[in-house]
Amino acid sequence: MVILGGQPTWIRGMDYPIRITNLDLIQDQNDGLFRLLFNSRNVINNKGDRENYKSLGVHFELEETGYGSYIFKSSGTGTKALMDDAQYYEVPKEAPSDGKVYARKNKTWIETAGDYELPVASSTVLGGIKTGYTTSGKNYPVQLDSNNKAYVNVPWTDTNTTYSVATTSANGLMSSTDKTKMDRLRSYTTATTVASLNVNYESIYVTLSANASLSVSGIGTTYNGRTITAFVYTSAARTITIPTSGSYLSMCGSSYTTKAGKWVEFNLTCIAGIWHIAKLEQD
């Protein structure tokens, strides 16, 4: 026979407070635990009326709390035990036994994700990698610094390579002079006058609509070896003045009058800084 705290003890169950006395406790002779089994008990509701609480079927176990009292363990729902310190103690039910993982939150069992497994990192998935790779050829391992930040140490060797300008007997880089020559090869443009012919083009198609003086856009030895051919067409007779001094040397006189609907070609070649001028006309 056991009395909890020397006084009758109350348990608040599913619907009504249940009054428990020493006569309700039975000690199991096999394991020594005190158990309380309700099948039909008198209860007192909050108005003090006596009712018959039938077929609860709730199995309680008692466990010493360390304060000279006992606490109830129950498979019931929301059960609390009122102890001799005048406090109710929550008696949580066990988590569902369905193989899932549960945790307690706000006095309720909730399902959790269970044990977390870190996936392997890929181009589309954030995940973990493993260090310890051994250098192979130009493949280098990922390492961690003192702050666990990843980096790759590539053993570069700086080697300065000097290239010379290419010659007819040795490979190398193209000079700016050679690049200019390359750009002029088979170059072509159009114009409406023979004045200041563009020296950066080999062939220039001129549709002359007014009288003009022949000249080029650049003079001096820089242009030695360059050749310009101006293909001139006029729908009516036009007078072209040809320079004969200074940076020009004419081999076709100082003036030429075109024929309506006919072509005339002026060939200009720079030799020793002087543009030599020759003419070829259509009969």
Between [X] and [Y], is any pair of side-chain heavy atoms under 4.5 Å apart?
X	Y	result
Asn267	Thr227	yes
Trp275	Ile219	yes
Val199	Val216	yes
Val206	Thr193	no
Val232	Val194	yes
Met182	Met174	yes

Any donor and acceptor pair, going by atom type alone, linking the side chain of [X] with main-chain N or O of [Y] inside 3.5 Å?
X	Y	result
Ser136	Asn139	no
Thr234	Ala237	no
Asp145	Asn147	yes
Gln282	Lys262	no
Thr239	Asn211	no
Tyr223	Ile271	no
Thr258	Arg238	yes
Thr221	Asn224	no

Begin from the C-alpha positions of Leu208 and Ile240 and carry the test side chain to side chain contact (heavy atoms under 4.5 Å, CB included) through to its verdict. CA-CA 10 Å; Leu208 190 62; Ile240 299 175; 3.8 Å; yes
Quick one: pull up [atom1] in [X] and [atom2] in [Y] and give me the separation to the nearest 0.5 Å.
X	Y	atom1	atom2	value
Leu268	Ile228	CG	CD1	6.0 Å
Ile204	Phe231	CD1	CZ	10.0 Å
Cys252	Leu214	SG	CG	8.0 Å
Ser250	His276	OG	NE2	11.0 Å
Tyr201	Ser217	OH	OG	10.5 Å
Lys100	Glu111	NZ	CD	4.5 Å

After noting the C-alpha distance and the side-chain angles of Phe266 and Thr229, does the key distance pass the side chain to side chain contact (heavy atoms under 4.5 Å, CB included) rule? CA-CA 6 Å; Phe266 289 95; Thr229 300; over 6 Å; no
Taking [atom1] in [X] as the centre, count heavy atoms belonging to other residues, nucleotides or ligands within less than 6.0 Å. Is the count above 12?
X	atom1	value
Asn171	CG	no
Tyr188	OH	yes
Leu185	CG	yes

Is the closest side-chain donor-acceptor distance between Asp183 and Thr180 under 3.5 Å?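 Checked: Asp183/Thr180 side chains show no N/O donor-acceptor pair below 3.5 Å.
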Tyr205 and Trp263: aromatic ring centres closer than 6.0 Å?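 Close enough - the centres of the two rings lie under 6.0 Å apart.
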What about [X] and [Y], same hydrophobic cluster or not, with Ile/Leu/Val/Met/Phe/Trp/Tyr joined at side-chain heavy-atom distances under 4.5 Å?
X	Y	value
Leu197	Tyr248	yes
Val142	Tyr140	yes
Ile129	Tyr151	no

Going through the distances and angles, do Thr241 and Tyr256 end up as a side chain to side chain contact (heavy atoms under 4.5 Å, CB included)? CA-CA 7 Å; Thr241 301; Tyr256 173 76; over 6 Å; no
Please report the shortest heavy-atom distance between [X] and [Y], naming the atom on each side.
X	Y	value
Val165	Ser175	CG1-CB, 3.8 Å
Ser215	Ser196	OG-N, 2.7 Å
Tyr133	Pro141	O-CB, 3.1 Å
Ala166	Gly172	CB-N, 3.5 Å
Ala260	Ala236	CB-CA, 3.7 Å

Evaluate Arg184 against Arg226 for side chain to side chain contact (heavy atoms under 4.5 Å, CB included), listing each step before the verdict. CA-CA 9 Å; Arg184 289 192 79 247; Arg226 291 200 188 187; 3.8 Å; yes
For Lys181, enumerate each residue passing the salt bridge (charged side-chain N to carboxylate O under 4.0 Å, His left out) test, keeping only those at least two apart in sequence or located in another chain. none
